[in-house]
2 protein chains.
Amino acid sequence: MAQARQPHDLLAASSVRPSPHWPDAAKALYGPARMSAQRALIAEEVMAFPGAFTAEDLHRTVGRRAEGVGLATVYRALAAMQEAGAIASVGERDGSALLARCGRDDHHHHLVCTTCGTVVGVECPLDHAALAAATREGHLVTSHEITLYGVCAVCRDQKDAG
Amino acid sequence: MAQARQPHDLLAASSVRPSPHWPDAAKALYGPARMSAQRALIAEEVMAFPGAFTAEDLHRTVGRRAEGVGLATVYRALAAMQEAGAIASVGERDGSALLARCGRDDHHHHLVCTTCGTVVGVECPLDHAALAAATREGHLVTSHEITLYGVCAVCRDQKDAG
DNA sequence: TGATAAGTGAGAAGCGTTCTCACTTTCTGT
DNA sequence: ACAGAAAGTGAGAACGCTTCTCACTTATCA
Ligand SMILES: [Mn+2]
Ligand SMILES: [Mn+2]
Ligand SMILES: [Zn+2]
Ligand SMILES: [Zn+2]
């Protein structure tokens, strides 16, 4: 049965059961949630990504390092990371949610390179003047969604050169 | 067969076939696209909506005035209106796209009342200062998505009173 | 009025995401 | 170290919104 995969076949080869402890860098992404070999691998790939990615993107890169990691597992790991505040939804691409590492805890938004996926945080452009206009209309603004798209310096240079 | 519905059973009762001409107000929403009894009805309901709605919302209200209008027809009509620039996507609610009438042709964004769906246009809050910050990072901003959510004056008063 | 391109309704299909189930593994006391 | 409880896993089914397919009907225009 494919179900009977040993826990650390994914990372090491020992068949005894060592009390598993995981890299702190990976563990940090999941907050209080429980750790696993799959999640360690997923965390590494998330940290390797230069910017925004979809669940499928991630599942593909994970699949290059270990087989049999289910897509549902990737979705669950991403949900845990999001809950822990390690990643954030930064928009969408072709109907799939775009995610990216984001450790910041202050209010900000994201600027996504449409070519390479690089993400940079930008401060919220909604100043008092903008909100005043809404208030003038009688609206009380309670939340907002802002995503900027563009081309990063690296990709711009490559286009100029090519 | 349910397929054999007369063209104008939906609007009038004449069973002859008058050279059909449609209300200008309704026709305007579809631009150059072809007109039909269903689309006339759909356009009326769109114009009756105070603000944002989903495809299902619209299909429901249309269903109160005529039976047998397919959901696919509503989606196709909405696509035509969007192409004609008569409506715009203004966000999403519970996984469904939120649409609203929007005849403006200048660059602006939308503020949606989360209680009643009322939509008001707001001018783009991205000023030169905000874009300068992105440029400083090397990014060239090419597009952006902004949606504001809040509570309109009417709904705020109702909450205070109730 | 006839030809043609477009719209329609019902249901199937797509697609990203979530859920279910039986099983495995981590984690916390002791 | 050990046992028990709670959480994670993989495969595939299910889900919800949206789009497509097909046979048929209808608007539009010469
Ligand atoms: Mn960020
Ligand atoms: Mn508008
Ligand atoms: Zn780039
Ligand atoms: Zn309101």
Side-chain angles (χ1 to χ4, degrees), chain A residues 1-11 15-22 27 30-43 53-60 62-63 66-83 89 92-99, chain B residues 1-11 16-22 26-27 30-43 54-59 62-63 66-83 89 92-99:
Chain A
M1 244 42 89
Q3 194 97 1
R5 183 180 308 280
Q6 295 308 317
H8 293 188
D9 281 7
L10 294 166
L11 295 174
S15 72
V16 298
R17 183 131 51 112
S19 75
H21 80 79
W22 313 96
K27 222 176 160 197
Y30 295 101
R34 201 169 284 188
M35 202 34 137
S36 73
Q38 291 89 337
R39 289 194 170 187
L41 195 47
I42 291 170
F53 54 86
T54 66
E56 280 275 348
D57 287 341
L58 187 56
H59 187 235
R60 192 179 317 115
V62 167
E67 296 187 7
V69 176
L71 180 56
T73 297
V74 170
Y75 272 103
R76 283 183 291 238
L78 289 172
M81 290 188 202
Q82 218 162 340
E83 189 130 357
S89 173
E92 78 166 46
R93 188 175 60 201
D94 305 327
S96 301
L98 266 186
L99 305 169
Chain B
M1 236 66 77
Q3 195 98 359
R5 185 180 307 279
Q6 295 308 317
H8 293 188
D9 282 6
L10 295 165
L11 294 173
V16 298
R17 184 140 38 121
S19 76
H21 79 83
W22 314 94
K27 223 177 160 194
Y30 295 100
R34 201 170 285 187
M35 202 34 134
S36 72
Q38 291 90 337
R39 290 193 170 187
L41 196 46
I42 291 170
T54 66
E56 281 274 349
D57 288 341
L58 187 56
H59 186 233
V62 167
E67 296 186 7
V69 177
L71 180 56
T73 297
V74 171
Y75 272 103
R76 284 184 291 236
L78 289 172
M81 289 189 202
Q82 218 161 340
E83 190 131 354
S89 174
E92 77 166 44
R93 188 175 59 202
D94 305 328
S96 301
L98 267 186
L99 305 170

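Being a predicted model, the structure only gives us computed values, none of them experimental. Order of the sequence lines fixes the chain letters, A, B, ..., with proteins taken first and strands second; residue numbering starts at 1 for each chain.
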Between the side chain of B/His59 and the main-chain N/O of B/Val69, is any donor-acceptor distance below 3.5 Å?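 Side chain of B/His59 to backbone of B/Val69, a donor-acceptor pair under 3.5 Å: yes, one is there.
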
Atom-pair distance ([atom1] on [X]; [atom2] on [N]), nearest Å:
X: A/His21; N: C/dT28; atom1: NE2; atom2: C1'; result: 18 Å
X: B/Arg34; N: D/dT25; atom1: CZ; atom2: P; result: 16 Å
X: A/Leu99; N: C/dG16; atom1: CG; atom2: P; result: 14 Å
X: A/Leu98; N: C/dG16; atom1: CG; atom2: P; result: 13 Å
X: B/Glu92; N: C/dG16; atom1: CD; atom2: P; result: 15 Å
X: A/Lys27; N: D/dA7; atom1: NZ; atom2: C1'; result: 14 Å
X: B/Asp94; N: D/dC15; atom1: CG; atom2: P; result: 18 Å
X: A/Ile42; N: D/dG8; atom1: CD1; atom2: P; result: 12 Å

Just jot down the side chain to side chain contact (heavy atoms under 4.5 Å, CB included) partners of [X], sequence neighbours excluded, or say none.
X: A/Ser89; value: A/Gln82, A/Leu99
X: B/Ala55; value: B/Tyr75, B/Leu78
X: A/Ala33; value: A/Tyr30, A/Arg39, A/Ala80

Has [X] got a side-chain N or O lying under 4.0 Å from the OP1 or OP2 atom of [N]?
X: A/Arg39; N: D/dG8; result: yes
X: A/Thr73; N: D/dG10; result: yes
X: A/Ser36; N: D/dT9; result: yes
X: B/Gln38; N: C/dG9; result: yes
X: B/Trp22; N: D/dT28; result: yes

Five pairs per end, C1' atoms only: what is the angle between the end axes of the helix from C/dT1-D/dA30 to C/dT30-D/dA1, to 10 degrees?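 Answer rounded to 10°: the end axes differ by 40°.
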
For A/Ala33, answer base if it contacts any base atom (sugar-phosphate contacts may also be present), sugar-phosphate if it contacts only those atoms, and nothing otherwise; contact means non-hydrogen atoms under 4.0 Å. sugar-phosphate

With sequence neighbours excluded, what pairs up with B/Arg34 under the side chain to side chain donor-acceptor pair (under 3.5 Å) test?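 Listed in chain order: nothing, the list is empty.
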
To the nearest 0.5 Å, how far apart are NZ in B/Lys27 and NE2 in B/His21? 10.0 Å

How many angstroms lie between CZ in B/Arg76 and CG in B/Leu71, if you round to the nearest 0.5 Å?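 Taking CZ in B/Arg76 and CG in B/Leu71, the distance rounds to 9.5 Å.
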
Is the closest side-chain heavy-atom distance between B/Ile42 and B/Thr73 below 4.5 Å? yes

Sub-4.5 Å side-chain heavy-atom contact between A/Gln38 and A/Val74: no

Quick one: which protein N/O atoms are closer than 3.5 Å to N/O atoms of nucleotides 17-21 of chain C? Pair and distance per line, please.
{"residue": "C/dT17", "atom": "OP1", "partner": "A/Ala97", "partner atom": "N", "Å": "3.0"}
{"residue": "C/dT17", "atom": "OP2", "partner": "A/Tyr75", "partner atom": "OH", "Å": "2.3"}
{"residue": "C/dT17", "atom": "O5'", "partner": "A/Tyr75", "partner atom": "OH", "Å": "3.2"}

Closest to the A/Met35 side chain, choosing from C/dG9, C/dC27, D/dT9: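 Taking heavy atoms from C-beta onward, the closest nucleotide is C/dC27.
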
